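What you are looking at is a predicted structure, and each value in this text was computed from that prediction instead of being measured.
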Amino acid sequence: MTKHAKKMTTNFGAPVPDDQNSITAGNPGPILMQDVHLLEKLAHFDRERIPERVVHAKGAGAYGDFEVLEDVSKYTKAKFLSEVGKRTEVFVRFSTVGGEKGSADSERDPRGFAMKFYTEDGNYDLVGNNTPIFFIRDPLKFPDFIHTQKRNPITNLKDADMFWDFLSLTPESIHQVTILFSDRGTPRTYRHMNGYSSHTFMWYNEKGEHYWVKYHFKTEQGIENFTRGEADHMKSADPDHATRDLFDAIEREDFPSWRLEMQIMTPEQALEYRFDPFDITKVWPHGDYEPITIGRMTLNRNPVNYFNEVEQSAFSPANFVPGIGPSPDKLLQGRLFSYHDTHRHRLGTNYHMLPVNAPKAAQVDNYQRDAFMNIAPGSGHPNYYPNTMGGAEPDPTAAEPALDVSGMIARQPYIHPNDDYVQAGDLYREVMTDSDRSNLIDNIVSHLSNAQKRLQMRQAALFFRADREYGSRVAQGLNLDVKEIESLASLEQEQLVEATKE
Ligand code: NDP
């Protein structure tokens with residue numbers, strides 16, 4: 001053994017005498033079955049890869065803490081938010097969405113911004129993105145939407161026709177498409193972007209009074225984006241640049257931080273709001289609900305084992321703690337199911353026992369038992385409830401407030417007086433600078449020009465509906481007839497689809 005070398009063992013702890021030469025009968029000789037170290041090594045290698053996440057496959061993560069800066073106890077009884085100065089350990093995973101595990105960090109894509117707060121009431125996960133909105137509002141559309149970002153099943157190539165066909169048939173996507181094709185679609189690093197809950201959630205206080213809230217984690221490094229040219233260059237210069245940037249910043253103790261700002265709405269205000277407060281394709285304009293700063297999250301510790309801590313980390317929007325609950329947002333309701341389900345497939349039934357996923361400040365105790373890879377210590381009580389054997393009891397004070405709901409049970413199309421285009425138009429006209437708008441048009445034209453002409457026309461008509469200038473500039477960039485796009489834009493959506501069928 002070389003000086004200071006550690007002892008090599010089998011997976012069962014027995015010393016390995018030689019890791020260079022298999023056991024053979026004679027020299028060179030056939031290898032013998034009795035080389036159990038060789039068999040174990042090969043068999044384990046054969047099983048090294050676990051299923052890749054179907055979305056958010058490429059990611060980077062780090063630990064840190066969240067500190068409360070403002071008293072919010074009148075809105076929520078969540079213990080980790082209960083007093084100014086309180087700190088809670090967090091684990092955060094950033095990611096791209098559509099690309100495979102080996103794809104480039106600088107791809108145009110929303111970025112995942114998933115947070116796990118290890119609170120004394122159990123783990124609270126906030127599984128957000130770097131955009132305050134999303135492409136679709138019904139989870140029934142999610143698998144199709146993602147398929148359009150993946151590879152064509154026939155050619156195994158990314159396919160601009162699939163991408164734009166679906167989006168142009170789904171007008172509620174126009175707001176998110178506008179953010180995605182702005183330079184915010186290619187953040188410079190994970191440190192230089194915001195994180196948003198995107199969904200509306202419920203906060204409730206000790207009295208059971210509830211509020212609707214949105215979370216905005218604002219980067220304290222400042223927003224910085226790549227232009228399309230810079231992002232494209234980075235794909236070849238360093239496809240892992242954002243992963244590297246996060247790790248290196250934390251190693252040199254340049255700890256990234258985000259200020260948590262909240263928008264808070266009462267149930268009465270929600271009833272009268274001009275937008276549907278649960279529609280994930282819309283923001284609550286800051287002028288309507290001014291964000292208030294309530295905390296700061298800082299990342300200050302790198303994982304030591306990427307696979308164990310980042311690849312096996314698993315977040316779910318269904319992980320709530322008392323004081324926080326879901327809203328009627330349809331997409332959120334679908335996600336409450338999907339995340340646990342996909343982790344059970346990817347990591348196994350007991351994925352919550354892996355150290356990165358297990359509560360750190362709370363004890364787990366219930367009557368769920370067994371299954372693959374169970375490492376739970378015995379609870380010391382029976383495996384059924386109710387019992388009179390001293391087993392764990394539910395805590396009624398953890399109940400969410402009751403909400404009144406009524407309506408027809410049916411598959412109902414989304415109907416709301418505000419259309420899908422208003423906020424995309426506001427963003428284009430009122431928020432973007434001239435250079436933001438130019439880059440947006442250029443980014444769209446460069447991608448949409450790869451799609452069939454009829455799809456270009458259909459999508460240009462949607463941009464036109466958001467803003468006349470926006471649609472005209474896209475049409476001009478694609479060498480389409482602006483008058484024709486204007487007349488397509490004036491059609492009902494079904495007529496537009498009919499007119500651009502072939
Ligand atoms: P405000 O002028 O109060 O806020 C606009 C916000 O837009 C900024 O604070 C910033 O959000 C964000 N923003 C700035 N540049 C860009 C860009 N190039 N691409 C995407 N977002 C950008 O306006 P309103 O609140 O009335 O919203 C107007 C529009 O701004 C919305 O329709 C929406 O498209 C966009 N927006 C609004 C947000 C909100 O929660 N109200 C959040 C993000 C975007 P931030 O401070 O979060 O970086």
Looking at Glu67 and Arg296, does any basic side-chain N land under 4.0 Å from a carboxylate oxygen?
no
Using a strict threshold of under 4.0 Å (side-chain N to carboxylate O), is an ion pair present between Glu100 and Arg151?
yes
For Gly99, is there any backbone N or O sitting under 3.5 Å from a side-chain donor or acceptor partner on Thr96?
no
Any Trp258 side-chain heavy atom under 4.5 Å of Gln221 side chain:
yes
Criterion side chain to side chain donor-acceptor pair (under 3.5 Å) against Tyr63, the qualifying member of Arg301, Lys116, Glu309, Glu89:
Glu309
What I want to check is whether the side chains of Tyr75 and His210 have a donor and an acceptor closer together than 3.5 Å.
no
Flag the pair Lys101 and Glu311 as a salt bridge only when some basic side-chain nitrogen lies within less than 4.0 angstrom of an acidic carboxylate oxygen.
yes
SB check Asp420 Arg137 (cutoff 4.0 Å):
yes
Classify the side-chain pair Tyr273/Asp288 by whether it contains a donor and acceptor separated by less than 3.5 Å.
yes
Checking side-chain polar atoms at under 3.5 Å, does Asn225 have a donor or acceptor matched by the opposite partner on Arg184?
no
Asn194 and Tyr196: side chain donor to acceptor below 3.5 Å
yes
Salt bridge check: are Arg188 and Asp245 linked by an N-O gap of less than 4.0 Å?
no
Is Asp138 salt-bridged to Lys141, going by a charged N under 4.0 Å from an acidic O?
no
Any Asp279 side-chain heavy atom under 4.5 Å of His416 side chain
no
Does a salt bridge link Glu107 with Lys158, judged by any charged N lying under 4.0 Å from a carboxylate O?
no
Could you tell me whether Asp105 and Lys58 have a side-chain N and a carboxylate O separated by less than 4.0 Å?
yes
Decide whether Asp329 and His199 meet the rule of one side-chain donor and one side-chain acceptor closer than 3.5 Å.
yes
Would you say that Leu167 contacts Met162 through its side chain, given a criterion of any heavy-atom pair below 4.5 Å between the two side chains?
no
Using a strict threshold of under 4.0 Å (side-chain N to carboxylate O), is an ion pair present between Glu230 and Arg228?
no
